[in-house]
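Shown next, in structure tokens, is the structure this report addresses.
Only this structure's heavy atoms are used, side chains among them; waters, hydrogens and symmetry mates stay out.
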Amino acid sequence: MAKVKTPSFIIDVEIKGKNRDFLNIESELEINRVIYNTSLGEYLKREKQMKRTKRYKKLVRISRAIKSHLARNCNKEKMEYFQNEQKNISEEFKKLREEFGLTEYSMHEYIKEVRNHFNGKINSIIAQKTATRAWNTIKQKLFGKAKKVVFVKRGEMDSFEGKNNETGWRFKNGKIISNDVLLDLKVKEMDIYLKEAFHLLNSQQTFQYKNKDGETVTDFFRVKYVRILKRVIRGTVRYYAQLVCTGYPPIKKDRKTGQVKYPLGKGPLGTDIGTSSIAISSTSKVLLKNLAENIKKVENVQREIRLYNRKLDRSKRATNPQNYDEASRTRKGKKQWKFSNNYKKLKAQLKEIYRKLALYRKFSHQYEVNRMVILGDRFFVEEMNFKALQKRAKKTEVSEKTGKYKRKKRFGKTIARRSPSAFVSLLSRKVTALDGTFIKVKTSSFKASQYDHKADKCKKKELKERWHIFDDGTKVQRDLYSAFLLMNSDLLGLKCDRETCLNTFEQFLTFHEEEIKKIENDNEVILNSGIKLKAKKTAGCAV
């Protein structure tokens with residue numbers, strides 16, 4: 001039976017306790033690390049045994065042949081035949097994995113002995129969830145999404161969790177309970193959000209949501225399970241309890257007035273999101289912004305990160321000269337590494353920098369989302385496969401201008417720094433929690449970057465073309481125009497409504513000119529926008 005998915009949110013609260021309480025947490029973290037590594041090692045053994053069989057090798061050959069036939073774009077009948085064959089092969093692979101115990105629940109039985117080795121110190125449900133965590137890791141390798149798996153080193157396991165709020169670590173009456181030990185939570189007196197969240201849980205208030213079939217379901221707020229988390233903040237180890245709850249998060253209210261701080265607006269809103277910037281079009285204004293703009297405050301951090309990585313590399317080479325050859329390349333084969341105390345200190349400092357960057361990015365996304373929700377209640381966003389954009393290009397190409405090989409690098413670093421996918425998921429949760437409509441539009445069928453509503457036809461553009469020019473000479477920024485077309489899509493988000501576009505285009509042009517002038521006057525650099533800014537004058541020299 002498939003698991004029923006319900007809307008969820010997380011309450012993150014720091015734990016108050018004594019040293020012995022934290023030692024118990026550390027002990028459980030270490031036991032879960034052993035269970036995780038043992039499960040992962042057993043999965044790898046079973047995978048190796050499976051890949052030795054003739055049956056597996058035959059299925060791989062057939063699978064490759066089917067993929068090559070599908071890539072040739074055969075006629076409709078042949079395509080359907082090979083697609084059916086591909087499904088049959090997938091079923092055969094599934095049966096083979098089940099025979100060799102490469103399933104999630106087969107490991108739950110195996111880890112009973114591992115848990116008994118530690119005298120049943122941790123709850124069986126928590127041990128099973130850790131084994132499931134190992135399955136999710138090996139699954140990436142089995143299905144070709146990862147080349148290898150990584151075992152967790154001693155002291156680096158940072159979390160464990162259960163499956164329900166009835167056994168093991170659980171939340172009850174505002175406290176965390178484990179083996180008759182009560183742990184308090186640090187809740188600030190002025191934290192209205194946390195107090196309201198706890199009130200929803202304690203009073204078990206009801207909420208409504210729509211399931212996969214579109215039916216309205218009534219449920220009540222409750223804690224699904226508790227996750228214990230270890231964090232190192234500014235060199236200090238702190239422990240947190242994450243309460244994974246059923247329902248929608250409480251809406252933030254103003255401390256003085258008690259009213260909703262960011263109420264949902266009215267009207268449609270189109271959002272064209274890129275790897276580094278976002279374009280917004282609504283009935284009241286248009287916006288063109290960089291993603292994670294607050295990171296500009298720490299631009300020098302990227303240089304600092306590079307310097308830290310160089311220091312770490314020099315230290316590692318100095319303490320492990322036997323692992324490098326005469327050309328300073330890492331030797332092949334099994335190696336033993338030794339790290340100095342200075343290396344460990346530098347690594348901790350670098351980790352702290354990355355933690356701060358993640359917080360800046362999160363706060364910046366939250367700020368932009370709050371600005372967006374007050375502009376409309378129907379959001380249309382283009383679907384983007386950001387994970388595919390991170391990968392290097394597979395095809396090797398030669399530049400016609402230079403005759404040299406083109407770089408295979410794509411948008412990996414940009415996506416890592418700006419995190420557009422996290423922005424979309426945050427916006428989706430916020431709009432849904434406020435009873436708004438959030439629709440993801442298919443890029444391939446909608447073609448927002450190619451459609452011309454005046455000529456009523458599509459025209460392909462190169463990536464470097466950042467402006468859309470109409471037949472009458474009108475020029476608009478490409479991303480803002482895409483957001484405008486998305487705003488005027490039909491209710492299902494399948495295609496653009498041309499009549500609505502014609503009626504609202506003049507208003508859009510007015511907002512468009514205001515936004516472009518604002519960007520030019522503020523001399524704000526919008527990445528990949530094509531907006532040319534005036535060079536700044538510096539004292540003592542002409543520019």
query: Partners of Glu368 by salt bridge (Lys or Arg N to Asp or Glu O under 4.0 Å), sequence neighbours excluded?
result: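 Counting only residues at least two positions away or on another chain, Glu368 forms a salt bridge (Lys or Arg N to Asp or Glu O under 4.0 Å) with Arg371.
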Is [X] salt-bridged to [Y], going by a charged N under 4.0 Å from an acidic O?
| X | Y | answer |
| --- | --- | --- |
| Lys153 | Glu156 | no |
| Glu99 | Arg55 | yes |
| Lys121 | Glu28 | no |
| Lys95 | Glu98 | no |
| Asp12 | Arg231 | yes |
| Glu26 | Lys230 | yes |
| Glu14 | Arg238 | yes |

task: Sequence neighbours left out, what passes ring-ring contact (aromatic ring centres under 6.0 Å, His included) with Tyr36? Give chain and number order.
output: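 For Tyr36, no residue satisfies ring-ring contact (aromatic ring centres under 6.0 Å, His included) once neighbours in sequence are set aside.
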Partner set under ring-ring contact (aromatic ring centres under 6.0 Å, His included) for Phe411, not counting sequence neighbours: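 With neighbours one apart ignored, the set is empty.
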message: Does the plane of the ring in Phe221 sit parallel, tilted or perpendicular to the ring in Phe9? Use 30° and 60° as the thresholds.
response: perpendicular
Main-chain N/O of [Y] paired to [X] side chain as donor or acceptor, under 3.5 Å:
| X | Y | value |
| --- | --- | --- |
| Thr53 | Gln49 | no |
| His365 | Leu291 | no |
| Ser282 | Ile280 | no |

message: Can you see whether Phe446 has Lys442 sitting over its ring - NZ or CZ less than 6.0 Å from the centre and within 45° of the normal?
response: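 No, Lys442 does not sit over the ring of Phe446.
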Do we see a donor-acceptor contact under 3.5 Å between the side chains of [X] and [Y]?
| X | Y | value |
| --- | --- | --- |
| Ser340 | Lys345 | no |
| Ser106 | Thr103 | yes |
| Ser8 | Lys224 | yes |
| Asn32 | Thr130 | yes |
| Thr216 | Gln208 | no |

field: Where at least one partner belongs to residues 106-134, residue pairs that pass ring pair (Phe, Tyr, Trp, His ring centres under 6.0 Å), sequence neighbours excluded
entry: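 Applying ring pair (Phe, Tyr, Trp, His ring centres under 6.0 Å) to every pair that reaches into residues 106-134, excluding sequence neighbours, yields Tyr105-His108.
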In residues 372-386, what donor-acceptor pairs under 3.5 Å come from side-chain atoms, sequence neighbours left out?
from: Asp377; atom 1: OD1; to: Gly267; atom 2: N; distance (Å): 3.0
from: Asn385; atom 1: OD1; to: Ala388; atom 2: N; distance (Å): 3.3

query: How would you list all residue pairs meeting salt bridge (Lys or Arg N to Asp or Glu O under 4.0 Å) that involve residues 160-176, not counting sequence neighbours?
result: Lys129-Glu161, Glu161-Arg227, Lys175-Asp184
